[in-house]
Number of protein chains: 2
Amino acid sequence: MEARRDVFQAIADPTRRAIIGMIARQPVNVNTIAEQFDVSRQAISLHLKVLSECGLLHIKQSGRERFCEAKLERLNEVHEWVAQYHKLWTGRMKALKDFIEQDEIPAPSKKNKRTTSKK
Amino acid sequence: MEARRDVFQAIADPTRRAIIGMIARQPVNVNTIAEQFDVSRQAISLHLKVLSECGLLHIKQSGRERFCEAKLERLNEVHEWVAQYHKLWTGRMKALKDFIEQDEIPAPSKKNKRTTSKK
DNA sequence: ATGATATGCAAGTATTTGCTTGCAAATTTA
DNA sequence: TAAATTTGCAAGCAAATACTTGCATATCAT
């Protein structure tokens, strides 16, 4: 039973990320997508289902074909999650973080490390 | 056998994302992390192992304790992957994308749809 | 109509996950 | 030194994944 089905889970699979890359700019039909990979058409179909279920893609039926259109806005959840940390590992925030973790005053005086350093 | 072990895979699990949130600003030892969750300490230990194996966290031994320190820079891979699409779903790029997909000239003249529109 | 094309659904399988419980090892503390 | 604390490792398990192959169903082109 498909339990979790969120965007993070969806993009965890490299094949699914590749699929998103394929349809990011314009809709592509199922078979065309499947032809790009070594796995069976069915396998791709399942990946499309996962992407579809978490809203990352939309399917537009056109006759007997189905065009998969990317819904990139859904990546916003990931974007925001990463962005909150991005501030921490870049720029001033990173300097502050390093300063705190270093647990040492970076003053131009002599070193004053704590005695916690093990062997 | 642990096959894939990349950052995308690592952050796919909500518990692991929560762990990252806990240690993002300062290192925390294993038991303290485990106490925050309903699962067993072992389960958390496994999550920490996954995070560690993909470089998202670093363990600093301190006596019998182990402090987990987040290595947020590793999220850069995710950040960049999402960023490339971020441009597409926001701002001018999005307008361009929509324009292309719409397959129609948005001129103030009369509609001029192609004949491809299926029923 | 017929055959070819584009897909979905179902069943079956091998792997991978996420957890648990039990036990061992290293480190502190009393 | 003995008891308590902090973890890791190993074995076992159920559920979720990622794939396959086979078959059924629309649609399109002849």
Side-chain angles (χ1 to χ4, degrees), chain A residues 1-20 22-23 26-54 56-69 114-119, chain B residues 1-20 22-23 27-54 56-69 115-119:
Chain A
M1 307 85 190
E2 347 119 13
R4 265 183 291 123
R5 188 106 313 176
D6 57 90
V7 180
F8 285 93
Q9 176 72 23
I11 66 172
D13 187 280
T15 298
R16 287 196 287 267
R17 287 202 297 282
I19 289 176
I20 290 177
M22 274 191 73
I23 66 176
Q26 81 287 128
V28 180
N29 71 306
V30 179
N31 272 0
T32 302
I33 293 174
E35 285 164 13
Q36 294 291 126
F37 301 88
D38 286 331
V39 298
S40 72
R41 181 174 57 72
Q42 270 322 299
I44 295 301
S45 195
L46 287 179
H47 283 309
L48 293 177
K49 190 178 178 189
V50 172
L51 291 172
S52 170
E53 287 178 353
C54 73
L56 267 169
L57 79 76
H58 215 227
I59 294 179
K60 297 189 294 185
Q61 184 90 34
S62 174
R64 62 185 164 182
E65 291 179 276
R66 291 184 162 213
F67 286 89
C68 303
E69 172 182 24
R114 296 195 332 190
T115 53
T116 27
S117 50
K118 322 308 169 316
K119 91 112 147 358
Chain B
M1 307 85 187
E2 346 118 12
R4 265 184 289 124
R5 188 104 314 174
D6 57 90
V7 180
F8 285 93
Q9 175 74 23
I11 66 171
D13 187 279
T15 299
R16 287 196 287 267
R17 287 202 297 282
I19 290 175
I20 289 176
M22 275 190 71
I23 66 177
V28 180
N29 71 305
V30 179
N31 271 1
T32 303
I33 293 174
E35 285 164 12
Q36 294 290 127
F37 301 89
D38 285 332
V39 297
S40 72
R41 181 174 58 71
Q42 269 323 301
I44 295 301
S45 194
L46 287 180
H47 283 309
L48 294 177
K49 189 179 178 189
V50 171
L51 290 171
S52 170
E53 287 178 352
C54 72
L56 266 169
L57 79 75
H58 215 228
I59 293 178
K60 296 188 293 187
Q61 184 91 34
S62 174
R64 62 184 164 185
E65 290 179 277
R66 290 184 163 212
F67 286 88
C68 302
E69 171 182 25
T115 54
T116 28
S117 51
K118 324 302 174 314
K119 99 111 143 354

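Computation of the quantities below employed the complete heavy-atom set of this structure, encompassing side-chain atoms and omitting hydrogens, waters and symmetry-equivalent molecules. Naming convention: chains lettered A, B, ... in sequence-line order (proteins, then strands); numbering from 1 in each chain. Computed from a predicted structure; not experimentally measured.
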Donor-acceptor contact below 3.5 Å, side chain B:Glu35 vs main chain B:Phe37: no
Separation between CG of B:Leu57 and NZ of B:Lys49, rounded to the nearest 0.5 Å: 13.0 Å
Spacing of B:Arg66 atom CZ relative to D:dT7 atom C1', expressed in whole Å: 7 Å
Neighbours of DNA chain D within residues 35-47 of chain B, by heavy-atom distance under 4.0 Å: B:Arg41, B:Gln42, B:Ser45
Spacing between B:Lys49 atom NZ and D:dA10 atom C1', to the nearest angstrom: 11 Å
Residue-phosphate contact under 4.0 Å: B:Asn29 side-chain N/O, D:dT7 OP1/OP2: yes
Closest heavy-atom pair and its distance - A:Glu69, A:Ile23: C-CD1, 4.1 Å
Euclidean distance, atom CD1 of residue B:Ile19 to atom C1' of C:dC19 [Å, nearest integer]: 13 Å
Integer-rounded Å distance: D:dA18 P and A:Arg17 CZ: 12 Å
Presence of B:Asn31 side-chain N/O under 4.0 Å of D:dT5 phosphate oxygens OP1/OP2: no
Side-chain donor/acceptor of A:Arg16 to backbone N/O of A:Ile11, under 3.5 Å: no
Length of the line joining A:Phe67:CZ and C:dT5:P, which is rounded to integer Å: 16 Å
Closest heavy-atom pair and its distance - B:Cys54, B:Arg5: CB-O, 3.6 Å
B:Ile59 CD1 to D:dC9 C1', straight-line distance once rounded to whole Å: 14 Å
Spacing between B:Arg5 atom CZ and C:dT17 atom P, to the nearest angstrom: 5 Å
Atom-to-atom span, CD of A:Glu65 to P of C:dA4 - whole angstrom: 18 Å
Side-chain N,O (A:Arg64) to OP1/OP2 (C:dG8) below 4.0 Å: no
Non-hydrogen side-chain atoms of A:Pro27 and A:Lys60 separated by less than 4.5 Å: yes
Under 3.5 Å donor-acceptor, B:Ser40 side chain and B:Ala43 backbone: yes
B:Gln9 side chain near C:dT17 phosphate (N/O to OP1/OP2, under 4.0 Å): yes
